[in-house]
Structure formats: structure tokens, C-alpha cells
Amino acid sequence: MLRSMITAANTMNQLQQQLDVISHNIANVNTTGFKKRDAVFGELLAQQFQNLPKTDEAPRSTPDGLRLGVGAKVASTHMQMKQESVVKTDRPLDLAFTKEGQFFRIFVDGEIQYTRDGAFYLSPSANNPDELMLVTADGYAVLDENDEPITVREGFKDIQVTQNGTMQFIAPNGNIMQTVNIGVSYVTRPQLMQALGDNRFAFPADVNAPNAVVNFANNRNAISMQQYALEQSNVELATEMSELMITQRSYQLNARAITLSDQMMGLINGIRS
């Protein structure tokens, strides 16, 4: 009875983590450029009891004896990089990638981070009051292909962004006032990235980031970007709700197993010789 309670309790703890992942996905169903995560389960340690003799009358396809596990665990959470559809907007600073694996580079707290959220704004530069800096919705600087913050002097009339991520600021007379290439990276191993919240990602200190990231400084034609558009979240609400109900039923089943084990132990303890 004690083994069954331990197995159920271990599994319930891991199912709670899966519920957290599903809840996080549902909460970001309308977050621009959000990429959902899936919980992948694995088996905890199992014990093999060799208590059944071999026999030729009933051959077995599994090892002789009894194999008892101690529950399941969340082995990992995989980020799904599936490209989602884009929604057109009326803002020239709304940018969306139309290919998987491409990220904007932003500067946060002294390090380079990555995001798919292309809802950008212009904010007064702290270093020069006559300049505007391209920033994210949270105020973090958007970097160019040389990993420098993108700034522009005031006085432009329009902003145009090409498919390869080249941003042009148009003067009132129609001439190009300034041209800058937005910093874009292709992440070859997105599963190594660590989610930092607010749609930002970075590589942990123990990961060799240069081997997992390809910068498009010398290959701008590989970039696929659309202006006046934002990428939707790739969370499918119907799928997440189905997963939520299945996980809740599994949680209830294991909770019921603990209850039954407790009742059986009570019966055993109540036996009088």
C-alpha cells in the first residue's frame, strides 16, 4: 500500500508541473509571437522482482518477474517553434517574421537577448535628447546587425522596412534620411534557450551560444519579415483545453489511488487476531 501511495504522490507532483505549463500556454493565447511549450514525460526508476520461475509452458515476451515503477516525471518542456499566421495592423513599427527560427536581438541588463515580439516603439534616447531609440514594449533597446542600439534623429516623415529587415527613415522631402539593418538571428537550437518572461529568451551561461545562433549580418536575403503586421501566438485554445481536462483526470485518478491505499491500510490496521 505504501508503494502505491508513493507512486501516486510522485506522479501527482509531476502532473502539477504539466498543469502549470498548460496554464502558461492558455494565459498567452493572445500574446504576440508567443511560442507554446509541451511537457514531455518519462519514467522514474523501476524495480525488477525476479520472483517468478522460468517455464517452457508459458513463454514470456517480457523479463521474468515483476517490474514496479515509482511514478512518472516531466523529463523536459519543449518549445514549439511552429510559424503562426500574421495579423495586419496600421503601425509602421509592427514587424512580424514569416519564417520559423528567426529572432530580433534586444539589449537587456547588459546582455543580448532574443524575442519574436515585433511590436516596437520609438522612445527618447537617454544619451542624446535629439535622437529617438527603437525599443520593445518594455523599453528594451532593439539592436542593429552590429549589436548597437537603433537610433534616429527626429524630423523624419515615414518609416519603411523591407522584407530583409532593412529599416529606412524617410525625410519630409521624400529622401531617405537614414538606413539601418535590424539585428536578426536564426536560432538553430531553440530548445537550449531559457525563457525569461515577457516574450524574451536568452542562452544559459553553460551553453555555447555561438554554436546555436546564426546571425544574418552577411546573408540578409535569408530574412523574411513583414511590416504592418504582428505574428499571432501558436497556442491552440481547443487543444490546450483538451490537454487540461486529460491532465486533471489523471490527477484525480492518482488522488483516488492514494485514498484507496489509505483506506486499505486502515482496514489492515483494524484487523484483530
Side-chain angles (χ1 to χ4, degrees), residues 28 30-37 79-89 91-123 125 131-152 159-169 178-204 207 209-210 212-234:
N28 288 277
N30 292 320
T31 300
T32 301
F34 178 80
K35 300 302 178 185
K36 64 169 290 187
R37 285 184 174 269
M79 184 167 60
Q80 301 297 329
M81 294 303 300
K82 175 185 175 183
Q83 173 68 36
E84 194 51 55
S85 59
V86 298
V87 178
K88 292 185 177 181
T89 67
R91 295 184 65 250
L93 289 178
D94 284 345
L95 308 176
F97 288 114
T98 56
K99 284 185 178 180
E100 297 180 6
Q102 299 184 6
F103 287 80
F104 297 104
R105 294 200 298 274
I106 58 177
F107 192 70
V108 182
D109 298 331
E111 69 172 355
I112 296 177
Q113 297 181 4
Y114 306 87
T115 184
R116 292 272 298 189
D117 187 353
F120 298 141
Y121 300 86
L122 288 173
S123 177
S125 175
E131 288 184 339
L132 298 175
M133 178 183 296
L134 187 67
V135 299
T136 65
D138 297 311
Y140 301 119
V142 181
L143 303 179
D144 62 13
E145 63 180 354
N146 298 316
D147 291 335
E148 296 292 335
I150 297 176
T151 58
V152 60
I159 302 174
Q160 297 179 359
V161 181
T162 63
Q163 181 178 348
N164 62 3
T166 298
M167 178 175 286
Q168 298 176 337
F169 296 91
Q178 181 178 337
T179 300
V180 61
N181 290 328
I182 302 174
V184 178
S185 294
Y186 177 74
V187 179
T188 58
R189 304 181 68 183
Q191 304 302 337
L192 296 180
M193 291 195 299
Q194 179 181 4
L196 303 177
D198 298 326
N199 243 342
R200 295 181 288 112
F201 301 91
F203 289 96
V207 173
V213 177
V214 177
N215 292 338
F216 286 131
N218 299 321
N219 188 19
R220 303 293 302 182
N221 292 330
I223 299 174
S224 183
M225 189 181 300
Q226 182 176 343
Q227 191 182 16
Y228 293 98
L230 290 174
E231 183 188 9
Q232 292 183 307
S233 167
N234 67 351

Problem - Distance (rounded to the nearest 0.5 Å) between Q194 CD and Q113 CD - result: 9.5 Å
Problem - Check: Q80 main-chain N/O paired with N234 side-chain donor or acceptor under 3.5 Å - result: yes
Problem - Intermediate values then yes/no, side chain to side chain contact (heavy atoms under 4.5 Å, CB included), V187 and M81 - result: CA-CA 10 Å; V187 179; M81 294 303 300; over 6 Å; no
Exercise for the section: Check whether any side-chain heavy atom of V152 sits under 4.5 Å from a side-chain heavy atom of M167, and report yes or no. Expected result: no
Completion exercise
Separation between CZ (F107) and CD (E148), nearest 0.5 Å, reads 9.0 Å
Exercise for the section: Say whether, by atom type as modelled, one donor and one acceptor occur between the side chain of D144 and the main chain of N146 under 3.5 angstrom. Expected result: yes
Problem - A96 versus V86, closest heavy-atom pair with distance - result: CB-CG1, 3.7 Å
Handout entry: T115 versus D117, side-chain donor and acceptor atoms under 3.5 Å
Key = no
Handout entry: N-O pairing of E100 and K35 below 4.0 Å
Key = no
Exercise for the section: Report yes or no: is the cationic atom of R91 (NZ for Lys, CZ for Arg) under 6.0 Å from the centre of the six-membered ring of F120, at an angle within 45° of the ring normal? Expected result: no
Problem - Aromatic centroids of F97 and F103 separated by under 6.0 Å - result: no
Practice task
To the nearest 0.5 angstrom, please state how far the CG atom of L143 sits from the CG atom of N181.
Solution key: 13.0 Å
Handout entry: Minimal non-hydrogen separation, I106 against Y114, with atom names
Key = CG1-N, 4.4 Å
Problem - Minimum heavy-atom distance between K99 and A222, given as atom pair plus value - result: NZ-O, 4.0 Å
Problem - Verdict with supporting geometry, S224 and T98, side-chain hydrogen bond (donor to acceptor under 3.5 Å, both in side chains) - result: CA-CA 6 Å; S224 183; T98 56; 2.2 Å; yes
Exercise for the section: List the steps and the verdict of side chain to side chain contact (heavy atoms under 4.5 Å, CB included) for R189 and F203. Expected result: CA-CA 10 Å; R189 304 181 68 183; F203 289 96; 5.7 Å; no
Exercise for the section: Measure the spacing between CE of M79 and CZ of R37 and express it to the nearest 0.5 Å. Expected result: 5.5 Å
Exercise for the section: Please confirm whether the backbone N or O of Q102 pairs with a side-chain atom of R116, one donor and one acceptor, at under 3.5 Å? Expected result: yes
Handout entry: For N28 against S233, the heavy-atom pair lying closest together
Key = O-OG, 3.2 Å
Handout entry: CG-CD distance between D94 and Q226, expressed to the nearest 0.5 angstrom
Key = 11.0 Å
Handout entry: Sub-4.5 Å side-chain heavy-atom contact between T136 and D198
Key = no
Completion exercise
Shortest non-hydrogen pair, F201 vs L196, comes out as C-CD1, 4.3 Å
Practice task
Give the C-alpha distance, both sets of side-chain angles, the deciding distance and a yes or no for side chain to side chain contact (heavy atoms under 4.5 Å, CB included) between L122 and L134.
Solution key: CA-CA 5 Å; L122 288 173; L134 187 67; 4.1 Å; yes
Exercise for the section: Nearest 0.5 Å please: distance from the CD atom of E145 over to the CD1 atom of I150. Expected result: 9.5 Å
Fill in the blank from the handout: Nearest heavy-atom contact between Q227 and I159 is NE2-O, 3.0 Å
Exercise for the section: Answer with yes or no whether the side chains of T162 and N164 bring together a donor and an acceptor at under 3.5 Å. Expected result: yes
